[in-house]
There are 4 protein chains.
Amino acid sequence: MARGINKVILVGNLGGDPEVRYMPSGNAVTNVTLATSESWKDKQTGQMQERTEWHRVVFFNRLAEIAGEYLRKGSKVYVEGSLRTRKWQGQDGQDRYTTEIVASEMQMLDSRGGAGDAGGYQSQPDPMGYGQPQQQAPRRQPAPQQQAPQQPQQAPQQPAPGFDDFDDDIPF
Amino acid sequence: MARGINKVILVGNLGGDPEVRYMPSGNAVTNVTLATSESWKDKQTGQMQERTEWHRVVFFNRLAEIAGEYLRKGSKVYVEGSLRTRKWQGQDGQDRYTTEIVASEMQMLDSRGGAGDAGGYQSQPDPMGYGQPQQQAPRRQPAPQQQAPQQPQQAPQQPAPGFDDFDDDIPF
Amino acid sequence: MARGINKVILVGNLGGDPEVRYMPSGNAVTNVTLATSESWKDKQTGQMQERTEWHRVVFFNRLAEIAGEYLRKGSKVYVEGSLRTRKWQGQDGQDRYTTEIVASEMQMLDSRGGAGDAGGYQSQPDPMGYGQPQQQAPRRQPAPQQQAPQQPQQAPQQPAPGFDDFDDDIPF
Amino acid sequence: MARGINKVILVGNLGGDPEVRYMPSGNAVTNVTLATSESWKDKQTGQMQERTEWHRVVFFNRLAEIAGEYLRKGSKVYVEGSLRTRKWQGQDGQDRYTTEIVASEMQMLDSRGGAGDAGGYQSQPDPMGYGQPQQQAPRRQPAPQQQAPQQPQQAPQQPAPGFDDFDDDIPF
DNA sequence: TTTT
DNA sequence: TTTT
């Protein structure tokens, strides 16, 4: 349940290959950066100007696996999600904030094959129930770019890796 | 799975009380009309003009029950959904088409109590899995405006009522 | 000014080449149909089902010219706009209703060249005013598929051609 | 012109009164924070959890004046805009990044009077040109909360105030 | 810091 | 048929 609407819609290109990681639970988390840009002619100089906005997008679970499998640097993609600002500690001990888009739906826009659409959950295509949609994603075996922990359920001797461990110490 | 994006976002007021009906399966179907409007000054006459757009919105299942319970004529509401054009037969035997918004998310915007947000399925508020969101809707007993069939699971002797039976013979 | 939000976001493929027409004023009006689809596995039969939704999209003015010039049958496109239901008369004299998406923004998603983004009006890329965006569209000469009326400003002897004249007598 | 789509849609409540400032050019800039929240039941503990997301929204020019005049702490509002991440320098000389929503459209959702909808630019309500929309905003005199510079057009002796001067040295 |  |  939510009070309010928190919705982001992006169409852009990946700045690099997706980074797939695994939670102690075995769930996948995939990070990508997505570029959108706009250009205009400077009134003063008559020169064309361009500004590129870089968006940090994070996928979880099934969507993370699909993103990791099908997206590549340069891929054009539609992403729908919500804004989330995370607080983290810089090496100087200071608080930092990073805003990300937590993806709830993703769709590849390149025609080079791909996964079609993938959504966390979607509205019913067959609301009358005469045929139920199968919500399962295509599950060709993703090649994990990083090993999942071997004993994800076991209590770690060392401080448990938290979510922040999956993030660099800098916002981008 | 989808190829393409089919998304509608509306904020408007209900033209009348919701009409709740029940499928043979016992699932609820709720119809509302939603008004959005825009006004502008006529360049010629200097008069203010207003144009109201009426949207047919249909809710299914749990969302249909919530809509039927909490929405009323005049309610201001946020609706997200997708477009669907249905074909039906006029009394003259001719094909007619009606475009509706099949709601996947709804949120009341009046402060007069209400249900907060309600979505078919939503993106994870707790994607790390340390606490799972409960997707269940508030289920105060809705007062059905039309009786659900008594033996919804039983095969009907007469031709089964189809979806079109729930629609008037005119588009609005 | 508007009361309410009436917003549609589509990503889909064109069902045919755009149809460009011209108003008596000389302004372009372009119609396209856009397909979005979803597929799911039928619970009963285990068969894959697919449902395609066809959207009528109409572009006006500059956007109409860009759409007419750059879009082709099969083009993948992002369209943002609002819903508008028009009333028209069937040949039997009966009222009919057709719902269209009036596009306010369009963006080609094929990499085969194209026009980038085109919007009626967009939010400021340079809100500080140090360089003003140029809102002008690329204006290679579009090849009009239908002649504009020769004396658009002159009062017609016959009933003036209305908007409906640009529409077929059937919804799709 | 844009390559890609960068769109945010928010419905939320203001965390405080708007802060209106003026550029050297005399143009208004208004900042608000907007809360959206979601709640769920913790699977482990059975307790209700709530998470509030705070969004920094910035309005420019005419929209900034309307926001400053009509919005107040607690106001419920619809905002549409785009994401922009700004780089700024912390007091320690380190780079910091703040992500904001640059509003292009705003609509009050409280019924306590107000401004209706206000957009930077909107799609044509009357695309046929039989009556042109007036894009002018209501302009009751806003009470500036901070004086605009007295000689906005004059070249400053000191380094010209940049945009960052209008921002606090901390992200929120 | 909002709201229900 | 709504709302301001």
Side-chain angles (χ1 to χ4, degrees), chain A residues 1-6 85 87 97, chain B residues 10-19 31-40 48-57 66-67 70-79 107-118 137-138 140 168 170-172, chain C residues 1-6 83 85 87 97, chain D residues 10-19 31-40 48-57 66-67 70-79 107-118 137-138 168 170-172:
Chain A
M1 168 160 155
R3 293 293 314 177
I5 298 296
N6 175 359
T85 296
K87 186 182 182 176
Y97 298 86
Chain B
L10 301 175
V11 175
N13 298 281
L14 263 70
D17 284 343
E19 294 176 24
N31 288 279
V32 304
T33 54
L34 209 62
T36 58
S37 62
E38 41 194 342
S39 56
W40 69 96
M48 285 308 288
Q49 305 290 321
E50 179 161 16
R51 173 171 161 76
T52 295
E53 187 72 34
W54 286 99
H55 309 273
R56 289 176 68 103
V57 178
I66 298 172
Y70 291 104
L71 299 183
R72 287 294 167 262
K73 178 175 178 172
S75 294
K76 187 185 287 295
V77 69
Y78 170 96
V79 168
Q107 194 160 138
M108 289 196 60
L109 298 174
D110 301 298
S111 33
R112 17 172 161 156
D117 156 275
R140 317 184 194 166
D168 299 323
I170 44 166
F172 276 101
Chain C
M1 167 158 153
R3 291 296 310 177
I5 298 296
N6 174 359
L83 290 168
T85 296
K87 186 183 184 175
Y97 298 85
Chain D
L10 302 174
V11 175
N13 297 282
L14 263 70
D17 284 344
E19 294 176 24
N31 289 279
V32 305
T33 55
L34 210 59
T36 59
S37 61
E38 41 194 342
S39 55
W40 68 97
M48 286 307 289
Q49 304 290 321
E50 180 161 16
R51 173 171 161 75
T52 294
E53 188 71 36
W54 286 99
H55 308 273
R56 290 176 67 104
V57 178
I66 298 172
Y70 291 104
L71 300 181
R72 288 295 168 260
K73 178 175 179 173
S75 294
K76 188 185 287 296
V77 69
Y78 170 95
V79 168
Q107 194 161 136
M108 289 196 60
L109 298 174
D110 302 298
S111 33
R112 18 171 159 156
D117 156 275
D168 299 324
I170 45 168
F172 277 100

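Order of the sequence lines fixes the chain letters, A, B, ..., with proteins taken first and strands second; residue numbering starts at 1 for each chain.
Counting only heavy atoms from C-beta on, B:T33 has its side chain closest to F:dT1 among F:dT3, E:dT3, F:dT1. If you check E:dT2, F:dT4, F:dT1 against the side chain of C:R3, the one that comes closest is F:dT4.
Taking the side-chain contact (heavy atoms from CB on, under 4.5 Å) definition, one finds that B:T52 meets it with B:A35, B:S37, B:E50, B:W54, sequence neighbours left out.
Pairing each heavy atom of C:R3 with each of D:Q107, the nearest pair is C-OE1, 3.5 Å. The two residues B:S75 and B:D110 make their nearest non-hydrogen contact at CA-OD2, 3.2 Å.
Here F:dT3 presents its C1' atom at 14 Å from CG of D:D110, a figure rounded to the nearest Å. A straight line from NZ of B:K76 to C1' of E:dT3 spans 17 Å, rounded to a whole angstrom. Separating the CZ atom of B:R72 from the C1' atom of F:dT2 is a distance of 15 Å, rounded to the nearest angstrom. Rounded to whole angstrom, the span from the CG atom of D:N13 across to the P atom of E:dT1 amounts to 16 Å. Atom OH in B:Y78 sits roughly 20 Å away from atom C1' in F:dT2 (whole-Å rounding). Rounded to a whole Å, the CZ atom of B:R51 is 15 Å from the C1' atom of F:dT2. The distance from atom CG of D:N31 to atom P of E:dT1 is 18 Å, rounded to the nearest whole Å. For B:M108 and F:dT3, the CE to C1' distance is 14 Å, given to the nearest whole Å.
Among the protein residues, D:T52 comes within range of the nucleic acid bases, having at least one heavy atom under 4.0 Å from a base atom.
Between the side chains of B:T36 and B:H55, at least one donor N or O lies within less than 3.5 Å of an accepting N or O.
Aromatic stacking is marked for B:W54 over F:dT1, as both cut-offs hold: 5.5 Å for the centres and 30° for the planes.
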